[in-house]
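Only one structure is covered here, and it is reproduced in the block below.
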Amino acid sequence: MIKKHKALLAYMLVLAVFTTYVIMDTFVISRVYGEGSGSGTEAATQLEGETDSGSVDNGGTEQGTANSEQGTSDSKHKTQGSDRESADLGQDTGENGHKHGPGSGSKGTPPSGGHGPGSGSKGTPPSGGHSPKNGSSKSSDSDTESSSSSEKSASGSTGTSASTVASTAASTQDSYQDDNVSINLKEYNSNGTTVHVAEVSSDSQTYLKTAFAQGSYGKNVTATTSDIADSVDAILAINGDYYGAREKGYVIRNGELYRNTANAGAEDLVIYKDGSFGIINESEVSAEELLEKGAVQTLSFGPALIENGKVSVDSDDEVGRAMGSNPRTAIGIKSDGTYIFVVSDGRTDESEGLSLLELAEFMSSLGVETAYNLDGGGSSTMVFNGDIVNTPTGGGIGNGSGSERKVSDIVYIGY
Amino acid sequence: MYTSGIEKSFKTGMAYLAVSLVIAAAGAVYGLFGHGVYSYYMTYAFMIPLLAGAMPHLISVLSHIKDEGYDGRKDAAAVGKIFSGDTQAAVIAALTTGSLVKGALDIYGTTNRLLIAYPVIAALTVAASVLIAKKGTTKKPVYLLESPQDESGSDAYEYTSGDTAE
C-alpha cells in the first residue's frame, strides 16, 4: 500500500512541511525590516523588501539599548528618556526634511483657556480638516526652529525635560494635566458595553505619536500595548493598526515611510503634520504623495467610522467578515481639535461589545468629526499612566481575563 | 479476486465524503471560537473534497448502479489515463489545505503571500500529470490493456483487488 502510493505520501509530506512553514512564517518567525520611531536623525526610509531581515539603521544601537533596559528599574526611564531624545530628534529632523515641523508655538507655554492648551487663542483648526489645538499650522521657519529647539529640550536632551514635565504634571486615576497636555478619562455604557474614552487636549500635535513594538518595524515583532507604552513613557496609549499582521497597507510613522505597498481599496487614517486627520483610499494616492502632503502617521486598518461629522459605516460594514459585537479600538478628532481615544470592552459577561455602527454612533454622540477604527478584538487595549484601563481579551476566549495580546504598534500621547 | 469498479468507486466516494464532513465540522468548531469572525475559505473548505472527490465517484455509482455488469473502472480509467487517483487526491489535498490555512489566517486577520503556492501546487500537479500522460509514460492501468476476448465476450483478465479504478 505504502509502496504503491509512495509518491502521494511524499507529496503529502511536502505539503505538510510547507504548511507548517507558512504558519510559522505567519505567526512566529520575526523579521525586522528597520528601526522604529527611535531611528535617529540619519534614519533612512526603510521600505519593506529593500532589506529582508536584521536591517538596523543608525539608531539601532541606541534603540536596542533602550529596549534591553526596559522594565528593569526606575532608572530605565532616564535611559529611555535619553533614547527618546534620539527618537524625537529623529522625528524633528525627519519633519524638517519633509519641510514640515511642529505647527505649534513654543512648547511649555501654558495653555490659554481652561480645558487644554491651544483652545481659543492658541490656534484654529486648519481648513479642510480637524486639527488639535495647536498653533498655526502654517508656522514660520522660526516657529519651527523654536519648536524643534523646545522639543529637544522637552525630550530630555539635557536630562531635565522629563523631570520638568513630571514636576508640573498633575495626575489622578482618570486625568492627567501638565503644561502641554490635558487628558480626561471617562467611562460610558453603550449597548450593554463598557466604553472607555480618553479626551486629549494639547497645545501641539507632536504629542500624538506612534511607536513600534520593540522599537522596530517588522513582521511578527510584537509586544503588549502596555509594554510598548512603558518603553516610550506614554501617558496614554492604545493599540494601533497591527500593521505586522498584513503584508500590504501604507506604514508611515513619525514622518518616516516604512511600507509603500498599497492595499487596494483600503481606507487609511492619515495624521498630518498640523495634527489634522484625513481619510484616504490607498488606491487613489501613493504613500510618497502622502509624505509630500505632510503625512506624519498613517494607520491602515479601518474602516473610517465618521467623516466630516457623518457616520460612514452601516450595519453591514464589518472588519473583514467579522459579524456581531467585539471589543473595539478607535481614534477620532473633534472639531475643536480634541483627540478622542476610544476602547470598548467586549467578549465578556459584563460587556457584549460593539458593532462598527454602534461604535461610530457612539463617537458621533461625543461630537467627533473624524473617526477611524483600529485593530480590535483581543488587541483592544488602553493604557493610562502605566495602568490598563479596559478589560483586554487577548489571552482568552470570552473570559475577560485581562490578558493583553501582543501587537505591532501603539498610538500614544507622550513626550 | 474481483473487486467491482462500482464498489471501489463507492468506497472512494465515501472516503472523500467523510473527509468533507470532518473538514466541515472542524470549520464549524473553529467558527464557534472565532467571536463571530469567519472566513469563506474556512467555511466552505469542505466543498473541495466534496465536489472534486466525493461527487464524481458517487454520481458515477448512482448513475450506473442499476446497470448490471457495468464496470465503473473503465469510465474511471478513461479519466485515469490522465488523472490517477493519486493525482486527484494530491490536488484536492493541496486546495483543501490552502483553503483551510487561508481561512485561519483570515479569521486571525492576517495574510501571507505564500498562500498563493497552494493553487500553484495544485495546478502544477495537474499540468505534470497531463504532460506525463501525453508522453505516454504513465503506467497504463491493467484493465485498459488490449485483452483477448473469450467466447462469452468478457475480458480474459482477472482483476485483482489491487487494481486502481478510481
Side-chain angles (χ1 to χ4, degrees), chain A residues 1 3-16 18-27 29 48-49 219-220 241-249 261 263 301 318-327 346-348 352-353 355 375-379 393 396-398 405 407-408, chain B residues 29-44 83-122 124-125 128-129 132 138-139 141 160-164 166:
Chain A
M1 176 74 176
K3 232 177 191 179
K4 191 175 177 185
H5 298 288
K6 62 184 178 185
L8 178 62
L9 290 174
Y11 180 96
M12 295 295 189
L13 184 64
V14 170
L15 200 61
F18 177 73
T19 299
T20 303
Y21 177 76
V22 170
I23 292 171
M24 296 284 284
D25 181 64
T26 305
F27 297 108
I29 300 171
E48 189 172 318
K219 185 175 183 180
N220 290 324
D241 65 359
Y242 208 150
Y243 72 86
R246 296 171 300 282
E247 295 174 323
K248 293 180 179 177
T261 312
N263 183 11
F301 198 90
E318 263 307 335
V319 177
R321 273 171 284 279
M323 300 299 289
S325 303
N326 280 297
R347 299 180 182 174
T348 66
E352 180 185 351
S355 68
D375 185 20
S379 300
T393 56
I397 299 167
R405 174 187 288 173
V407 296
S408 296
Chain B
V29 170
Y30 205 100
L32 288 177
F33 297 100
H35 301 294
V37 184
Y38 67 96
S39 165
Y40 290 135
Y41 289 94
M42 178 69 77
T43 306
Y44 298 114
F83 304 113
S84 69
D86 282 1
T87 302
Q88 183 188 30
V91 170
I92 289 174
L95 293 177
T96 306
T97 305
S99 183
L100 289 172
V101 174
K102 166 74 173 161
L105 267 55
D106 275 354
I107 289 172
Y108 189 76
T110 187
T111 56
N112 193 310
R113 67 191 70 185
L114 294 175
L115 289 175
I116 190 66
Y118 288 101
V120 170
I121 288 171
L124 288 177
T125 304
S129 186
I132 291 170
T138 46
K139 190 177 177 182
T160 65
S161 60
D163 289 347
T164 55
E166 293 94 323

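In what follows, chains are A, B, ... by sequence order, proteins preceding strands, each numbered from 1. We use all heavy atoms of the structure for the numbers below, so side chains are in, but hydrogens, waters and symmetry mates are not.
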When the 4.5 angstrom heavy-atom criterion is applied to A:Lys248 and chain B, the contacting part is neither
Which heavy-atom pair separates B:Ala104 from B:Met42 by the least distance, and what is that distance?
-> N-CE, 3.6 Å
Sort out for me which of B:Leu115, B:Asn112, B:Val101, B:Leu105 touches chain A most, counting heavy-atom pairs under 4.5 Å.
-> B:Asn112
Chain A contact via B:Leu100 - side chain, backbone, both or neither, heavy atoms under 4.5 Å | neither
Just by distance, with hydrogens left out, do A:Thr19 and B:Tyr118 show a side-chain donor and acceptor under 3.5 Å apart?
-> yes
Determine the option with the most heavy-atom pairs under 4.5 angstrom with chain A, choosing from B:Thr125, B:Thr97, B:Thr110.
-> B:Thr110
Search all heavy atoms of B:Ile121 against all heavy atoms of B:Ala94 and return the closest pair with its distance.
-> CG2-CB, 4.2 Å
Consider only side-chain N and O atoms of B:Thr111 and A:Arg246, and report whether a donor and an acceptor are under 3.5 Å apart.
-> no
